Amino acid sequence: MKIIQEASLKQYNTFGLEAKAKYFIEVKTEEELINALRNNEEELLVLGGGSNILLTKNFDGLVLKNSIDGIEITGESDNDIVVKVGAGVVWHDFVLHAINNNWGGIENLSLIPGTVGAAPMQNIGAYGVELKEVFELLDALHIETLRKKAFTKDECQFGYRESIFKHLAKGQYVITSVTFRLTKRNHRLNTSYGAITEVLKQNGIENPTIKDISNAVIQIRESKLPNPKEIGNAGSFFKNPTIDKLDYEMLKLEYPDMPGYIVSENEVKVPAGWLIEQCGWKGKKRGEIGVHKNQALVLVNYGGGDGNEIKQLAIDIRESVIAKFGIHLMPEVNFI
Ligand code: EPU
């Protein structure tokens with residue numbers, strides 16, 4: 001375990017932005033984590049896969065890369081398997097491991113960038129499935145006291161791209177492992193998302209396996225979302241806003257094509273990508289940064305972009321969406 005001074009964070013954030021950390025340390029075990037925290041008096045930034053951050057400046061403190069490894073079966077019943085996974089495991093590696101073992105439940109979450117430890121922070125979700133549906137518990141270390149605490153599903157207070165770790169418990173814990181309950185048989189397949197149904201049909205698959213669904217999701221993601229290894233990005237930059245049903249109905253009179261998903265009796269969720277596209281941003285470039293050409297919800301860094309330029313672009317997008325639709329977009333990405 002080595003402390004690096006003035007470390008470049010470029011390879012540790014999927015936007016590929018250049019920023020420096022005063023100190024940087026990578027921990028591979030819980031013991032290393034405890035040691036790193038015990039001796040630290042600096043401001044702390046914990047990184048998983050760096051797939052949900054926008055670095056706008058150098059970080060004047062300690063950046064801790066959580067690389068705690070390991071996949072361990074901790075329980076089993078006729079139908080289910082309970083698996084404890086180290087926070088540093090790459091999310092998609094775990095998805096592939098599950099599929100290879102015929103464990104169902106996370107196939108719709110294929111190819112999401114980031115690590116297992118970061119997944120509960122924002123209750124990752126895609127194609128009709130959210131992490132909370134397969135979540136059993138997580139273990140975390142309290143940064144101040146170095147005490148371990150297990151969080152149940154209720155305690156995590158999961159919501160749409162939300163958890164207690166973005167609110168009440170923000171900055172207080174480092175997640176060390178996440179335990180999942182997956183199915184060994186009688187998989188509960190979720191093919192409700194339109195694009196999945198289409199791809200399965202195109203591929204001539206009538207009775208999909210979890211692997212078929214994973215492959216379909218991979219195909220859809222690869223066609224719409226830029227690969228961060230090729231073009232810097234952090235997935236959806238904004239959350240899809242939820243608006244009042246009455247406001248939705250009023251807007252619908254003016255914009256009959258406006259998509260919307262009912263989330264409760266009085267609320268409708270509107271795709272931010274659609275709103276941003278309607279404001280003319282899709283595919284727009286500003287020097288080395290821009291809005292992705294296939295999915296307007298994704299801001300990109302083509303190479304030498306700067307975090308502040310992306311931040312300014314996000315502000316301009318947000319303002320134009322307010323001006324046109326009266327809807328306030330909120331970022332999904334964390335600004336540093
Ligand atoms: N749309 C447009 N223009 C665009 C993009 C989207 O009109 O440029 C429209 C689509 O035609 C469709 C609707 O918006 O009618 C929804 O689009 P899509 O299926 O691509 O999903 P999304 O709502 O834009 C969300 C998640 C993604 C997740 C997909 C699939 C959020 C903020 N984003 O995007 O998550 O992969 O659904 O479930 O909820 C992420 O969080 O980083 C992420 C990629």
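When a ligand or atom number is given, it counts from 1 through the structure's own listing order. These numbers come from a predicted model, not from an experiment.
- When the options Arg161, Glu332, Lys293, His292 are ranked by their closest heavy atom to atom 26 (C) of ligand 1, first place goes to Arg161.
- Distances from ligand 1 to the non-hydrogen atoms of Arg221 include at least one value under 4.0 Å.
- Considering only non-hydrogen atoms, atom 43 (C) of ligand 1 lies nearest to Ser236 out of Ser236, Pro113, Gly114.
- Among protein heavy atoms, the minimum distance from atom 23 (O) of ligand 1 is reached at Asn240 ND2, 2.8 Å.
- Other residues, nucleotides and ligands contribute at most 12 non-hydrogen atoms within 6.0 Å of the CD atom of Glu41.
- With ligand atoms numbered from 1 in the order given, ligand 1 contributes 3 (N), 4 (C), 8 (O) to contacts under 4.0 Å with heavy atoms of Lys282.
- At a heavy-atom distance under 4.0 Å, only side-chain atoms of Glu277, from C-beta outward, approach ligand 1.
- A salt bridge between Glu43 and Lys22 is absent, with no side-chain N of the basic residue lying under 4.0 Å from a carboxylate O of the acidic one.
- Not a single protein heavy atom sits closer than 4.0 Å to atom 10 (C) of ligand 1.
- Here the side chains of Glu18 and Ser8 are in contact, with some heavy-atom distance below 4.5 Å.
- At a heavy-atom distance under 4.0 Å, no atom of Phe237 approaches ligand 1.
- A salt bridge is absent between Asp316 and Lys284; no separation between the charged side-chain nitrogens and carboxylate oxygens falls under 4.0 Å.
- Relative orientation of the Trp274 and Phe325 rings is tilted, given thresholds of 30° and 60° on the angle between their planes.
- By heavy-atom distance, the residue among Ala272, Ala296, Gly128 lying nearest atom 8 (O) of ligand 1 is Ala296.
- Side-chain N/O atoms of Gln219 and Asn203 include a donor and acceptor closer than 3.5 Å.
- For ligand 1, the atoms closer than 4.0 angstrom to any heavy atom of Ala126 are 36 (O), 38 (O).
- Remark: among candidates Trp281, Trp274, Tyr261, Tyr160, the nearest residue to atom 15 (O) of ligand 1 is Tyr261, based on non-hydrogen atoms.
- Atom numbering of ligand 1 starts at 1 in the shown order; those under 4.0 Å from a heavy atom of Leu297 are 24 (O), 32 (C).
- What sits closest to atom 38 (O) of ligand 1 on the protein, heavy atoms only, is Tyr127 N, 2.6 Å.
- Those atoms of ligand 1 that come under 4.0 Å of a heavy atom in Tyr193, given as number and element, are 18 (P), 19 (O), 21 (O), 30 (C), 37 (O), 38 (O).
- Phe15 meets the ring-ring contact (aromatic ring centres under 6.0 Å, His included) test with no other residue; sequence neighbours excluded.
- With a 4.0 Å heavy-atom cut-off, ligand 1 is reached by the backbone of Phe238 but not by any atom from C-beta on.
- We find that Lys65 and Glu26 are not joined by a salt bridge, their nearest charged nitrogen and carboxylate oxygen being 4.0 Å or further apart.
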Name each donor-acceptor pair under 3.5 Å that joins a side chain in residues 49-61 to protein atoms two or more places apart or in another chain, with its distance.
from  : atom 1 : to     : atom 2 : distance (Å)
Asn52 : ND2    : Glu332 : O      : 3.2
Thr56 : OG1    : Ile336 : O      : 2.5
Asn58 : OD1    : Lys20  : N      : 2.8

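- Taking only non-hydrogen atoms, the option from Gly125, Gly194, Pro271, Gly235 nearest to atom 14 (O) of ligand 1 is Pro271.
- Gln295 OE1, 3.7 Å is the protein heavy atom nearest to atom 6 (C) of ligand 1.
- With a 6.0 Å radius and a threshold of 12 heavy atoms from other residues, nucleotides or ligands, Ile262 has its CD1 atom at or below the threshold.
- Using cut-offs of 30° and 60° on the angle between ring planes, the pair Phe335 and Phe237 is perpendicular.
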